[in-house]
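Below is one structure, written out as structure tokens, with a few remarks after it.
All of these numbers come straight from a predicted model, not from anything done at the bench.
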Amino acid sequence: MSTPYTRLDKNNAAVLLVDHQAGLLSLVRDFDPDKFKNNVLALADLAKYFKLPTILTTSFEDGPNGPLVPELKQMFPDAPFIPRPGQINAWDNEDFVRAVKATGKKQLLIAGVVTEVCVAFPALSALEEGYEVFVVTDASGTFNEVTRDAAWRRMAAAGAQLMSWFGVACELHRDWRNDVEGLGTLFSNHIPDYRNLITAYTTLKATK
């Protein structure tokens, strides 16, 4: 059974960054560490670019999971930040759910560490409550491809849509004429090869 195409809407989307913590990031093995962190920061950048409400949460910071990666705290100093004292599923934390509902958005972009727990559990819970869930796959990481693929299948079967951060940005933007330089700069900052395209574009534009 096919699912109808549901398009991301920048006016109806919020971003949930779940457990991107210093200790947990060391568990990520399905992506190269540098590329993975770049993907996480790219998602954060696009959240800021499109002015999407963003919620940060951590699990058991005082334990081995460690603190939130500092770049995210710096990028979203005024965003809701929920340090969960113990709940593994962020959706089991009342403050987190309250913050999600306060955004007034029905489309949730979710990314986190690790995929089959910190992403899957709140994604499945949000789907149960009627939200449209978009899992940002390359900003979510886990131990290996086997556990990742199982988690992807589980979430997709429940109705979650799996996307990359690049796909998210393009679907939110809709039309290059909205802002070539702004989105082009965002892409250039996170995709080295894309910088060549923007360099060629700006050079050609300067000669006209």
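- Residues S164 and G167 come closest through the heavy atom pair OG-N, 3.0 Å.
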Side-chain donor/acceptor pairs under 3.5 Å, residues 106-118, sequence neighbours excluded:
residue	atom	partner	partner atom	Å
Q107	OE1	D9	N	2.8
Q107	NE2	R7	O	3.0
Q107	NE2	E132	OE1	2.9
T115	OG1	G141	N	3.4
T115	OG1	G141	O	3.4
E116	OE1	T142	OG1	2.6
E116	OE2	T142	OG1	3.2

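- Rounded to the nearest 0.5 Å, atoms CG (D175) and SG (C170) are 11.5 Å apart.
- Each of V119 and I88 belongs to its own hydrophobic cluster when Ile, Leu, Val, Met, Phe, Trp and Tyr are linked at side-chain heavy-atom distances under 4.5 angstrom.
- Taking the side-chain hydrogen bond (donor to acceptor under 3.5 Å, both in side chains) definition, one finds that H190 meets it with N38, D45, sequence neighbours left out.
- Partners of F166 by ring-ring contact (aromatic ring centres under 6.0 Å, His included), not counting sequence neighbours, listed by chain and number: F187.
- Transitive grouping of hydrophobic side chains (ILVMFWY, heavy atoms separated by less than 4.5 Å) keeps V97 and L56 in distinct clusters.
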Pairs of donor and acceptor atoms involving the side chains of residues 46-54, under 3.5 Å and at least two apart or interchain, shall be tabulated with distances.
residue	atom	partner	partner atom	Å
K48	NZ	M75	O	2.9
Y49	OH	D179	OD2	2.7
T54	OG1	L52	O	3.0

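- Pairs passing the side-chain hydrogen bond (donor to acceptor under 3.5 Å, both in side chains) check and including a residue from residues 84-97, sequence neighbours excluded, read D19-R84, T57-R84, Q87-N93, N89-S125, W91-E129, D95-R98.
- Taking CZ of F134 as the reference point, atom CG of L8 lies at 4.0 Å (rounded to 0.5 Å).
- Among all heavy-atom pairs drawn from V40 and A139, the shortest one is CG2-O, 3.8 Å.
- Applying the side-chain hydrogen bond (donor to acceptor under 3.5 Å, both in side chains) criterion to D138, with sequence neighbours excluded, gives no partner residue.
- Looking at heavy atoms from C-beta onward, V133 lies out of side-chain contact with M155 at the 4.5 angstrom threshold.
- Residues that satisfy the salt bridge (Lys or Arg N to Asp or Glu O under 4.0 Å) test with K10, not counting sequence neighbours, are absent from this structure.
- Applying the side-chain hydrogen bond (donor to acceptor under 3.5 Å, both in side chains) test to every pair with at least one member in residues 145-159, sequence neighbours left out, gives these pairs: N144-T147.
- Residues F76 and L17 form a side-chain contact, since some pair of their non-hydrogen atoms from C-beta on lies under 4.5 Å apart.
- Residues satisfying the side chain to side chain contact (heavy atoms under 4.5 Å, CB included) criterion with R29, sequence neighbours excluded, are absent altogether.
- Nearest heavy-atom pair across L183 and A169 is CD1-CB, 4.3 Å.
- Not a single donor-acceptor pair under 3.5 Å links the side chain of H20 to the backbone N or O of L41.
- Between I82 and A99 the shortest heavy-atom distance is CD1-CB, 4.0 Å.
- Scored by the side chain to side chain contact (heavy atoms under 4.5 Å, CB included) test, P83 finds T58, E61, F81 as partners (sequence neighbours excluded).
- The closest side-chain heavy-atom distance from W165 to L186 is below 4.5 Å.
- Note: the hydrophobic cluster containing V135 also contains V18 (ILVMFWY, side chain heavy atoms under 4.5 Å, direct or indirect links).
- For N178, there are no side-chain hydrogen bond (donor to acceptor under 3.5 Å, both in side chains) partners two or more places apart in sequence or in a different chain.
- Under the 4.5 Å side-chain heavy-atom criterion for Ile, Leu, Val, Met, Phe, Trp and Tyr, L43 and V100 are members of distinct hydrophobic clusters.
- Each of V28 and F60 belongs to its own hydrophobic cluster when Ile, Leu, Val, Met, Phe, Trp and Tyr are linked at side-chain heavy-atom distances under 4.5 angstrom.
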Hey, can you pull the donor-acceptor pairs under 3.5 Å for the side chains in residues 62-73, sequence neighbours left out?
residue	atom	partner	partner atom	Å
N65	ND2	S59	O	2.9
E71	OE1	K37	NZ	3.4
E71	OE2	K37	NZ	3.0

